[in-house]
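For reference, the structure is listed below as structure tokens.
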Amino acid sequence: MGTIATNIENLLRELPPEVEVVAVTKTRTAGEAMEAYKAGLRLFGENRVQELAAKKDLLPDDVIWHLIGHLQSNKVRQAVAIASMIESVDSLKLLTKIDEEAVRQDKQIDCLLQFHIASEETKQGFGIEEADSTDWKEVTASLRAVRICGVMGMATFTNDSEQVRREFRTLALIFRNLHDRHFSGMEFFREISMGMTGDWLLAVEEGSTMVRVGTLIFGERIIR
Ligand SMILES: *Cc1c(COP(=O)(O)O)cnc(C)c1O
């Protein structure tokens with residue numbers, strides 16, 4: 001592992017220019033996050049609202065913050081206030097709650113629908129079948145302050161790259177179907193957030209528009 005700046009430089013050299021990088025700063029110090037900022041990154045991701053709030057206060061105002069971890073309903077108010085995008089919307093109930101709160105705060109908020117594409121039980125998200133069984137037109141018609149901007153997913157943590165590729169392909173297909181059936185008139189519905197340190201290359205090959213990488217930029221994490 002090199003320095004944070006060289007890690008970012010190496011990643012950006014290999015990444016197609018249209019794919020965005022979300023620098024995942026969970027468990028990192030504000031100083032480490034600042035190094036990524038100085039290397040040119042502006043999009044940062046945290047998986048806990050409290051940690052996002054703390055880092056936001058310590059970093060420059062032009063950082064764009066994405067919440068990427070499970071959002072509990074009692075944290076929706078704070079999440080809406082501080083995040084530009086909530087990538088981890090995993091139920092209609094949560095989506096409605098975010099919308100109500102955003103209306104209250106008079107703020108537009110971008111969201112991604114997280115789908116459960118992995119074989120592990122623990123990863124949150126809408127079930128794959130919900131992409132088809134939900135009336136998304138009705139859902140979007142009911143939203144006043146939320147823009148659904150695409151989908152997000154996490155592949156199984158495995159060395160089996162064919163399985164990972166299949167899971168990413170499934171997410172890309174879900175995106176395509178949702179786009180064509182329900183969101184075709186909405187130019188902001190364009191994101192497929194998939195790919196982490198271990199699998200970002202596969203994710204990009206399968207159509208990712210946004211990779212979420214922590215370890216690759218900052219080095220090994222002790223926890224989480
Ligand atoms: C931690 C985390 C990442 C980044 O993981 P790395 O393996 O460190 O790149 C991406 N997405 C989510 C949802 C995470 O919680």
Side-chain angles (χ1 to χ4, degrees), residues 1-4 6-12 14-15 19-29 32-33 35-36 39 41 43-55 63-72 75 79 83-91 94 98 110-126 149-161 163-165 167-168 170-172 174-175 191-224:
M1 270 313 201
T3 65
I4 290 170
T6 56
N7 292 342
I8 291 170
E9 207 176 295
N10 291 338
L11 173 62
L12 293 179
E14 289 181 66
L15 203 64
V19 178
E20 290 196 90
V21 176
V22 178
V24 178
T25 52
K26 65 185 181 197
T27 76
R28 315 296 177 173
T29 64
E32 288 172 294
E35 282 190 54
L41 298 187
L43 201 48
F44 287 66
E46 281 284 342
N47 65 345
R48 296 183 181 188
V49 177
Q50 251 110 353
E51 208 173 328
L52 199 168
K55 290 238 177 65
V63 170
I64 296 166
W65 290 97
H66 285 194
L67 184 70
I68 60 172
H70 178 64
L71 176 57
Q72 293 170 318
K75 302 267 171 58
S84 294
M85 181 182 273
I86 298 171
E87 294 198 18
S88 42
V89 176
D90 55 7
S91 72
L94 180 60
I98 291 169
D110 289 344
C111 289
L112 299 182
L113 304 171
Q114 181 175 359
F115 281 91
H116 182 273
I117 53 170
S119 61
E120 293 131 346
E121 284 296 328
T122 50
K123 289 178 180 162
Q124 283 106 15
F126 287 97
C149 295
V151 300
M152 184 271 235
M154 290 166 86
T156 304
F157 188 70
T158 171
N159 288 326
D160 182 348
S161 58
Q163 180 180 354
V164 172
R165 186 183 290 284
E167 292 169 356
F168 286 150
T170 298
L171 187 63
I174 289 172
F175 170 83
E191 304 295 351
I192 306 178
S193 174
M194 60 184 186
M196 304 172 29
T197 291
D199 54 23
W200 66 269
L201 202 53
L202 281 172
V204 168
E205 285 173 4
E206 295 303 327
S208 173
T209 65
M210 207 182 257
V211 293
R212 308 176 310 272
V213 287
T215 308
L216 189 73
I217 294 174
F218 300 106
E220 287 298 332
R221 259 189 320 273
I222 314 296
I223 43 161
R224 283 196 284 147

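Given the structure is predicted, the values throughout are model-derived calculations rather than measurements. One-based numbering, in listed order, for ligands and for the atoms of each.
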List every atom of ligand 1 that sits less than 4.0 Å from any heavy atom of [X], numbering the atoms from 1 in the order shown and giving each element.
| X | result |
| --- | --- |
| Thr215 | 6 (P), 7 (O), 8 (O), 9 (O) |
| Val213 | 9 (O) |
| Lys26 | 1 (C), 2 (C), 3 (C), 14 (C), 15 (O) |
| Gly214 | 4 (C), 6 (P), 8 (O), 9 (O) |

### Task
Answer whether the closest heavy-atom distance between the side chains of His66 and Leu43 falls below 4.5 Å.
yes
### Message
Would you say that Leu71 contacts Ile98 through its side chain, given a criterion of any heavy-atom pair below 4.5 Å between the two side chains?
### Response
yes
### Message
So for Ile68, does at least one of its heavy atoms come nearer than 4.0 angstrom to any atom of ligand 1?
### Response
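The answer is yes, since Ile68 has a heavy atom less than 4.0 Å from ligand 1.
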### Query
Non-hydrogen atoms of Arg221 versus ligand 1: any pair closer than 4.0 Å?
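It does, in that a heavy atom of Arg221 comes within the 4.0 Å cut-off of ligand 1.
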### Message
Out of the candidates Val21, Thr197, Leu41, only one should pair with Leu11 under the side chain to side chain contact (heavy atoms under 4.5 Å, CB included) rule; please name it.
### Response
Val21
### Message
One residue to check: Met154. Relative to ligand 1, which of side chain, backbone, both or neither has a non-hydrogen atom less than 4.0 Å away?
### Response
side chain
### Query
If only atom types and distance count, is the side chain of Thr29 paired as donor or acceptor with the main-chain N or O of Glu32 below 3.5 Å?
yes
### Task
Let me know which of Lys26, Arg212, Lys55, Lys75 forms a salt bridge (charged side-chain N to carboxylate O under 4.0 Å, His left out) with Glu46.
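Result for salt bridge (charged side-chain N to carboxylate O under 4.0 Å, His left out) with Glu46: Lys55.
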### Pair Glu206 + Arg165: basic N to acidic O under 4.0 Å
yes
